[in-house]
Every structure is written in C-alpha cells, then in structure tokens.
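Below is one structure, written out as structure tokens; comments come after it.
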Amino acid sequence: MKTDTNIQFIKGVGERRAKLLGKLGIRDAGDLLRFFPRDYEDFSAVVPIREAPEDKDVCIRATVLAQPQANATKAGITIYKTEVSDGDSRMQVTIFNSKYAAAKLVPGRKLLFYGKIKRNFICTEMSSPQMEEAGSGERIRPVYPLTLGLTSRIIEKIVANVFELCAEDLKDTLPEAVRAYYGLLPTREALRLMHFPGDMEQLAQARRTLVFEELLTLQLGLLMRRGVNRIKAGCVLTRDCSAEFIASLPFTLTGAQSRAVKEACADMAKKWPMNRLLQGDVGSGKTAVAAALMYSAVKNGFQCALMAPTEILAQQHSNTLKTLFENTGTDIRLLTGSVPAAEKKKIKAAAASGEAQLLVGTHALLEKDVEFAKLGLVVTDEQHRFGVAQRGALSAKGENPHILVMSATPIPRTLAMIIYGDLDISILDELPPGRQKIKTYTVDSSKRQRAYRYIADHLDNGRQGYIVCPLVEEGENELAAAETFAESLANGFFRQYRVGLLHGRLRPSQKEAVMRDFAVGKVQLLVSTTVIEVGVDVPNAVIMLIENAERFGLSQLHQLRGRIGRGEHQSTCILVSDAENEQARRRLRKMAETADGFEIADEDLKLRGPGQFFGKRQHGLPELKIADFYADMAVLKTTAKAAKHLYASDAGLEKPENAGLRRAVAELFRSAGAQDF
Ligand code: ADP
Ligand code: MG
C-alpha cells in the first residue's frame, strides 16, 4: 500500500475514526507515521513494590491476590479494590467505576500495573493503573497527543497496521553515503522506532535520524531557493561610492559597520540581486549602513526605497537621511498614510519619473500606484514587522532590485542562518563608542512610589523619561487602559510635570505630535504602550519604568530598554513586577545582568522557542514536525555543513541517490506554500 492512502482505508480506522484523526491533522497513512508520540510510558522498567518511588510513574509486575471488592459510593461511583503481590511486598489496587478494568483483576493472574503509587504507614496503593499482561506487555508504549474519542492505544494499533501495510513504500530520505557517514538509521527504521522503541537509546537514535533529515531538508530547500533567486539579473552597481559618503559622516564607522557596508557593496556589484539581512542590536547604527548603501545606489543612477513599520519611524528615518545626505543634492521624499492627497500625488509622480531618488515611507509605499523609474535598492527596517509578501511587493516595483532587510531583534547567529537561510547576513555586534551601560533593576510594586520619586528627580534635573503601561490585550480596551493609567499619573504623582500619552489607537498625526513634543522636550514624561518599541531616538530620555515587566518577552523588554541610553547621560531602567514564579524571575534577572541583545535572544529562545522572533507563518518557513531549533542546535550545525556539501555537488538534487532528499524538500516546502518547487 502507498503511504498516501487515505487514512480511512487503513485497517482499524473507518469513517468515524478517520474524521477524528483528521482533527489531528492526519489525512493519509504517511501523516500518521509522522504523528509522533508526545511521550512514552516505559512498561519495560519493572521495579519491585518495595523500591518504587512515589510521585512518578512506575511499572510493577504483580499477581492478583483476590477478587476485587466493589463498593458503591453515594455519588454513584463504584470503587473496586484488591491486593496484588510481587512475591516480596503487597500493594493495594483501586479502580474507579470501570467494570471493564476491574474484570482484568482475576485472582492468580500476573499483570503489569503502570501508574503512581502512594504510601502510608499501613499500605502501598496504586489508583487507576494501566494494566497489561505480564510477559508480553513489558515494552515502551507511545503516548500520543489526543483528541476526544481516540486513545493512545487505539492510535498505537493503527500505527502498527500502517507499518505492516505500507512498509515497502517507505523509501529512504538520505543517500546511503550520508546515512553511513553520520551513523543514522534508514528512514523506515527510524520511523518505526519513534513509535515502538525497544529501549531509550534506540529512541534517541531514531529521533536524531529524523531531526537530521528534517533540518537537512530545510537547509537544502533554503539553499535551492536562494539559488533560484540568483539566476535573475539585478541592477549592477558598477562603482562603489560608499567611501565618499562615509568620509562625510560626523562620526567614524565602527568596525562592524564598515564590514557590513563592504559586504553589501560587494553584493551589489554582482550580476544577481543582493539579498542581505543586516542584524544589529538597538543603537548599533544600522541606519548609517543603509544610508551608505543607498548613497552608492543613487550615485550609480538608481532609486532607493526605505520602508519602516510605523509612521514615527519613517519620519525619523526621513529626518536622519536628510541630515546625512545634506549637500549631496539627493532628492529625498517621505510617503506615509498621513501625507495629504495632493502631496502624495506629487511624490508618486516624482517616483515614477525618477526625479525622487530616495523614497522613505510606511506601508503606503506598497500602494499599487507607487511606481519607480529605476528602483535599484529596497531597504526594509524592522523586517519582522512585515510579511514576506509585503517585502516582495515592494521589490516587485523594480526589476529585481537589491534587497537589504534590517532587524534589531538579535537572533543567535546559527539560528539566523537557518531561518534566513535564503539571505546573506551581516551582523553589527559592536556599539558605537561612548555608550554607557544602562542600569537595570527589578522591583516589586511596593517600591513603585520610590521609583516614581526617582524618576521625578531626573525630570527635575532636566532629563526626560518613559513609563511603559501595563500590557493589555490589543484592541478596544487598550485605549481605555492606557488613558486611565496616564491620567492617574498626570493628575496624581506627576501632576507638576508635563506628561504625554502615546498609544496605538492615536491617529498617526496625533502620535507624531506627541513624539515631536517629547523630542523637543515639551513633554517631560511619556506614558506609553509598547508603540515606542521601535526606533524612537531621544537622547535626553534617560529613565524608563516598565509595569508588569514579566508579561513582556525578553527581546521585547530589550527593545523597549533600547529607547534610553542613547545619549551622554547615565540611564536607568526599572522593571516593576510582582511575579513570583521562578521562570519569570529568572528572565527578569537576565535583563538586569546583561545588555547584550544576542545573549538575551538566546535566553528567550531557550525559554520561549523561536516563535516570538517572527510571526508564526509570515517568515515563510515550513513548519517542522520533529526538530527544535534550540534543543537541536548541535544537529543544526552538522546539517548546515552537510547541506552545503550536497548543494555544491548536486544543486538540483538530480542524482539518483538524492531522489529521497528532493522528494523531502518538495514536500516540506509545499506545506510552506513556496512556489519555487
Ligand atoms: P539602530 O541600529 O538601532 O537603528 P541607529 O541607526 O538609529 O541605530 O543609530 C543609533 C544612533 O547612533 C544614531 O543617533 C546614530 O547617529 C548614531 N551612530 C551610528 N553609527 C555611529 C558611529 N559609528 N559612531 C557614533 N555614533 C553613531
Ligand atoms: Mg533603527
């Protein structure tokens, strides 16, 4: 039988169960083989009753001593009790309400009892154990994620049937040579052992094999996708003009910045479009790098577009670029949703004619009637805020322009190489000189008044500060919550100060106004929701208090904190939290300990998985079934090498021995909706 046989036609399934399995995402036989157990119960590790630990599942092999006694309670539950013995000690077995289970307790019968035991000074007891025949049941049993109406035992049985029926159709994914070199199992064997391991070691080997296969497939697929991009001709920059721009800057580039500029300029001189990620912690100076590249593109006669996720940020970029490009005679325009219609029309005309050389904007740049005469370079800031499709839409306005995406969310390099396997990466791992480390403290809410006083002291000294509102669900009540919170501060503790309020529900023009007031010092204290998260640059703001800090992700806290510490003054960040659980405390401790975004990202990845670094689907990566980017980092590094070798020797995976991998790549990327395969 084929593995793509509809699950309904597998022995033991039928229409009703097929529906239930469908709820678990299982449509055909192959799906079921890759529906892995979420856990295992080890019925093979039999322990004597006397030595069995409490509060942990154990397996006892014992003989039933007597017919169970049935007792009906007032609540209508029947309780069956009997005693069993393993030859050395006795144990009481209690069953609730299951006549079927109680019927297994035949005096003299030897059974395996799997469950948790409880001890008191009279006896040892196990309630509602799972029971299996001794002699044949001593195995490791799979435990599956369940849906109502299906038990692990039912699924186990069906899985066994699938193996029996489809065994021949299970082909190897890896070429024999790769499998042998890395000491991996044949695919069929690995799948079987995932469901029915003989021992834990076999299970580990099976998992390693499948993780390896999955990550290798992913990385190969990404390499191939990048290869496809490479075929297209881009806009070749024949002259690298970045040096003259860099010389005109009021500061010297950091080593990391110079490296990034060099790498990107080398890309843009090639015959295929650049596809590069510029990753750098907040304040690492990504804008200057992008500016140098845009300058070079403009000098080569191309237009550039810079897209930012918010109006504030776009405005800020536009201002920065106008300063940096002063005296270069570059035509820079800002296009956002709040630009008046007549003005918009003019900007669009200038872009279409080629008169506008540098177009900065928000999503407004994506509008259909925004056209370019000769778009050569597209820069996207805070790229995780945009979907793959949106980024694509902007590049589509040119003929395969060069692409630079910038991200302030530091992702551990190994992970970035995987996630952005189809991008080249430059990392700014160095801050411009003279930055002071931000002092970070965690306090509980009993210290809030003291923290307020501390903030007030700073305001009295002419500095500015932020208070970040408690996090509420996005939507209707964000406004109300933020307003109430701000009002209570503005009319309460901080009534002698000029307090501003910033939240996501303000109209863009209102936001602009508040930000402008804050930037020029008219507002001393900015009470804000997380909308200040991205890129706002006010060097005089030196203190920040974050309410309910435990509710934020570490990377998000790091982004918020990056709003201060941007000037010459010592900055302080106060995290307010009453969280008591150890994980939350550990995360907040981490914030106080380190200012290194990469270290923080690493911790975040460990604690919360990679999901937070990008929206679930928008990164365009297929969903993995078994591998875990963090736990399997070591395998990831190995497969990265293996993928490079394979790709170098057979880029299209056309050799017969690579057929399994080619199939796997097509399958994995089909689920991600990729078109290239
Ligand atoms: P981010 O990487 O967070 O986007 P920015 O590009 O906004 O950082 O830069 C942060 C600040 O650092 C800006 O005020 C910028 O002018 C300044 N800056 C950038 N590069 C340097 C440098 N090499 N030396 C000194 N200051 C720099
Ligand atoms: Mg920035």
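We count residues from 1, following the sequence as given. Counting starts at 1 for both ligands and their atoms, following the listed order.
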Considering all heavy atoms, the nearest L502-K511 contact: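 Smallest heavy-atom distance, with atoms named: CD1-CG, 3.8 Å.
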Shortest non-hydrogen contact from F245 toward L324: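 Closest approach of F245 to L324: CE1-O, 3.7 Å.
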Side chain to side chain donor-acceptor pair (under 3.5 Å) involving E371 - partner list, sequence neighbours excluded: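 Applying side chain to side chain donor-acceptor pair (under 3.5 Å) to E371 gives none.
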Region of M406 engaging ligand 1 - heavy atom pairs below 4.0 Å: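 For M406, there is no contact with ligand 1 at all, from either part.
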Ligand 1-proximal atoms of D381, by part, heavy-atom distance under 4.0 Å: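 The answer is neither; D381 stays 4.0 Å or more away.
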Main-chain N/O of I427 paired to Q279 side chain as donor or acceptor, under 3.5 Å: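 A pair under 3.5 Å: no.
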Under 3.5 Å donor-acceptor, Q303 side chain and L359 backbone: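 No, because the side chain of Q303 does not come within donor-acceptor range (under 3.5 Å) of the backbone of L359.
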Give the numbers and elements of all ligand 1 atoms closer than 4.0 Å to a heavy atom of [X].
X	result
S284	2 (O), 8 (O)
P432	20 (N), 21 (C), 22 (C), 24 (N), 25 (C), 26 (N), 27 (C)
T252	22 (C), 23 (N), 24 (N)
T254	23 (N)
T287	4 (O), 5 (P), 6 (O), 7 (O)
L253	23 (N)

Parallel, tilted or perpendicular: ring planes of Y466 versus F518, cut at 30 and 60 degrees: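 Correct class here is tilted.
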Under 3.5 Å: N/O of G283 near N/O of ligand 1: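 Yes, since at least one N or O of G283 sits under 3.5 Å from an N or O of ligand 1.
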Within-cut-off N or O pair, G280 and ligand 1, under 3.5 Å: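 It does not: no N or O of G280 is found under 3.5 Å from an N or O of ligand 1.
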Polar contact flag, side-chain donor to acceptor under 3.5 angstrom, S242-D240: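 Indeed, the side chains of S242 and D240 share at least one donor-acceptor pair under 3.5 Å.
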